[in-house]
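Throughout, protein chains are lettered first and strands after them, A, B, ... in sequence-line order, and every chain is numbered starting at 1. None of these values were measured; they are calculated from a predicted model.
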Number of protein chains: 2
Amino acid sequence: MPDAPSKPSLRLSQFLPYRLSVLSNTVSRNIADLYDREFGISIWQWRVMAVLGENSGITATEIGQVTAMDKVAVSRAVSGLLDSGHIARRASKEDARRAILTLTAKGKEVYDQIVPIALGAERDLVESLSPDEQAQLAALMEKLARAAEPDRPLW
Amino acid sequence: MPDAPSKPSLRLSQFLPYRLSVLSNTVSRNIADLYDREFGISIWQWRVMAVLGENSGITATEIGQVTAMDKVAVSRAVSGLLDSGHIARRASKEDARRAILTLTAKGKEVYDQIVPIALGAERDLVESLSPDEQAQLAALMEKLARAAEPDRPLW
DNA sequence: ATAATATAGTTTCATATGTAACTAATTTGC
DNA sequence: GCAAATTAGTTACATATGAAACTATATTAT
C-alpha cells in the first residue's frame with residue numbers, strides 16, 4: 001500500500017523566515033549597541049550618515065530610496081542628526097521643497113570612526129566563512145531579495 | 001612607489017548586516033500580512049501557536065526559549081491568543097507559578113490552515129534556488145547565527 | 001493665469017516594543 | 001522552619017514605529 005500523504009509539518013527552528021528574522025535581529029541589535037554606546041547614534045541615523053558619507057549633498061527622499069527607509073523614518077533620523085550637529089541642511093535653489101543634506105565636519109569625523117567599526121562587525125560575522133562561502137552568501141541573498149520583493153531596484 | 005593604504009570604504013548596499021535586515025523585514029512583513037489578513041494573528045502569536053502545534057502542553061518560559069522571544073513578548077502573545085480562543089491555559093499541578101498552554105480546537109484548526117500557507121511562503125522564497133543552493137543557505141545561516149551569538153543553543 | 005494635482009517633508013496619533021518594576025510561588029541556605 | 005534569593009509571569013512606563021493627515025512648494029492642464 002502506498003504511504004498516506006503525510007501531513008505537512010513546520011518546525012519553527014528550521015523555517016527560513018523565522019531563522020532570517022532571529023539572525024537579523026541579533027546582528028542588528030549587536031551593531032546598534034555598538035553605534036549607540038560609542039556615538040549615541042541609532043541604526044537609522046547611521047544609515048543616513050552612511051549614505052551621506054558616500055554621496056554628499058542629496059535629499060531626504062533620495063536617502064530613503066537608497067536605505068529602504070520610509071520618509072518618516074528618514075525625517076526623524078535627519079532631525080536627530082541636525083540636533084546633534086552631525087549633518088547640515090540647506091534648501092535647494094531649484095526646488096524649495098527639497099532640502100540638501102551634507103555631513104558636517106563633526107559628522108565626517110564620526111563617519112570616519114564608525115566605518116571601520118562597522119566593517120569590523122561585518123568581518124566578525126563572516127570570518128568563519130571561506131571566501132567561496134562569502135561569495136555564495138552574497139549571491140544567495142541577492143536571489144532571496146529578488147524573490148521577496150520582485151519589483152526591487154537592482155543595484 | 002607602493003600604493004598608499006586606501007581608506008576603508010563602506011557601501012551600504014553591500015553591507016551584510018544591512019542587507020540581512022532589509023531582506024528579513026521584507027520577508028517578515030509579507031508573512032505578517034498574510035497571517036493577519038486571513039486570521040487576525042500576529043507574527044508573535046503565530047510563533048507561539050507554531051510551537052504549541054508541535055509540542056503541546058508547555059509553559060510560556062519554554063515557548064520563549066524555543067522562539068527567541070522575551071517573556072514580555074510571549075506574555076502579550078499568549079494574552080491575545082487566550083482572548084481570541086486559540087489557546088487555553090491551566091495552572092501546573094507541580095508549580096503554581098507555571099501555566100500549561102495548549103491549542104484549543106479552534107487553535108488547532110487555524111494551525112492546520114496556517115502551516116501550509118507558511119510553508120508555501122517559504123517555498124516561494126526559496127524556489128528560485130536549486131536544492132544545492134538551499135542546502136548551502138541553511139549551512140551558511142547556521143554559521144552566521146553561531147558567529148552572531150556564540151552562546152546560542154544548538155538545535 | 002489659475003485651478004487641480006503631485007511631490008517633499010513634517011507632524012499627529014494610535015499601536016508596538018523593550019526595560020524595569022512588580023506579584024506570587026518556589027527553592028535555597030542556615 | 002524561615003528569611004533570603006530565584007523563578008514564572010504580568011503590569012507600567014517610556015520610547016519606537018507606521019499610517020494618515022497636514023503644510024508648503026512645484027507642476028500640469030485648461
Side-chain angles (χ1 to χ4, degrees), chain A residues 21-22 24-33 35-37 40-48 51-52 57-84 87-102, chain B residues 21-22 24-33 35-37 40-48 51-52 57-84 87-102:
Chain A
S21 166
V22 171
S24 165
N25 288 339
T26 304
V27 170
S28 288
R29 187 155 355 93
N30 288 168
I31 293 191
D33 286 352
Y35 300 161
D36 183 43
R37 254 203 313 280
I41 283 180
S42 74
I43 287 261
W44 309 110
Q45 290 177 339
W46 167 244
R47 287 196 188 166
V48 168
V51 172
L52 290 177
I58 64 178
T59 68
T61 299
E62 292 169 316
I63 291 176
Q65 288 158 354
V66 178
T67 57
M69 291 165 68
D70 68 46
K71 63 183 181 172
V72 177
V74 174
S75 174
R76 288 199 260 243
V78 163
S79 152
L81 290 169
L82 288 169
D83 288 351
S84 56
I87 68 175
R89 173 164 64 182
R90 66 170 197 275
S92 159
K93 278 270 163 75
E94 306 88 52
D95 184 340
R97 291 170 305 181
R98 296 197 178 114
I100 308 296
L101 301 169
T102 50
Chain B
S21 167
V22 171
S24 166
N25 288 340
T26 304
V27 170
S28 288
R29 186 156 354 95
N30 288 167
I31 295 192
D33 286 352
Y35 300 162
D36 182 44
R37 255 204 312 279
I41 283 180
S42 75
I43 287 260
W44 309 109
Q45 292 178 338
W46 167 243
R47 287 195 188 167
V48 168
V51 172
L52 290 177
I58 65 178
T59 68
T61 299
E62 292 169 317
I63 291 177
Q65 287 159 356
V66 178
T67 57
M69 291 164 67
D70 69 48
K71 62 184 182 172
V72 177
V74 174
S75 175
R76 289 199 259 244
V78 162
S79 152
L81 290 168
L82 287 169
D83 288 350
S84 56
I87 67 175
R89 172 165 64 181
R90 65 170 197 278
S92 159
K93 279 269 163 75
E94 307 89 50
D95 185 339
R97 290 170 305 182
R98 294 197 179 114
I100 308 296
L101 301 170
T102 49

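Judged as a side chain to side chain donor-acceptor pair (under 3.5 Å), and not counting sequence neighbours, the contacts of B/T59 are B/E62. A/N30 meets the side-chain contact (heavy atoms from CB on, under 4.5 Å) test with A/T26; sequence neighbours excluded.
From the 5' end on, the contacts that DNA chain D makes with chain A at under 4.0 Å to a non-hydrogen atom open and close at D/dT17 to D/dA26.
Between A/S75 and C/dG9 there is no side-chain polar atom (N or O) within less than 4.0 angstrom of OP1 or OP2.
With contacts defined as side-chain heavy-atom distances shorter than 4.5 Å, the pair B/I58/B/I63 qualifies.
At the heavy-atom level, A/S42 lies nowhere under 4.0 Å from the strands shown. Counting any heavy atom pair closer than 4.0 Å across all strands shown, B/S79 reaches no nucleic acid atom.
Residue pairs satisfying the salt bridge (charged side-chain N to carboxylate O under 4.0 Å, His left out) criterion with at least one member in residues 92-101 of chain A, sequence neighbours excluded, are listed as follows: A/D95-A/R97, A/D95-A/R98.
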Tabulate below the donor-acceptor pairs under 3.5 Å that side-chain atoms of residues 75-84 of chain B make, not counting sequence neighbours, or state none.
residue	atom	partner	partner atom	Å
B/S84	OG	B/G80	O	3.1
B/S84	OG	B/L81	O	3.3
B/S84	OG	B/H86	ND1	2.7

Can you check each nucleotide of nucleotides 17-22 of chain C against protein heavy atoms at under 4.0 Å and return B for base, S for sugar-phosphate only, - for none, in 5' to 3' order?
BBBB--
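Distance, A/I100 CD1 to C/dG9 C1': 13 Å, rounded to whole Å. In this structure, CZ of A/R98 is placed 8 Å from C1' of C/dT7, rounded to the nearest angstrom. The CD1 atom of A/I58 sits 15 Å away from the C1' atom of C/dG9 (whole-angstrom rounding).
DNA chain D is contacted by both A/D95 and B/L82; B/L82 maps to the nucleotide lying nearer its 5′ end (nearest heavy atom per residue).
When every heavy atom of A/A68 is checked against every heavy atom of B/V22, the shortest pair comes out as CB-CG2, 4.0 Å.
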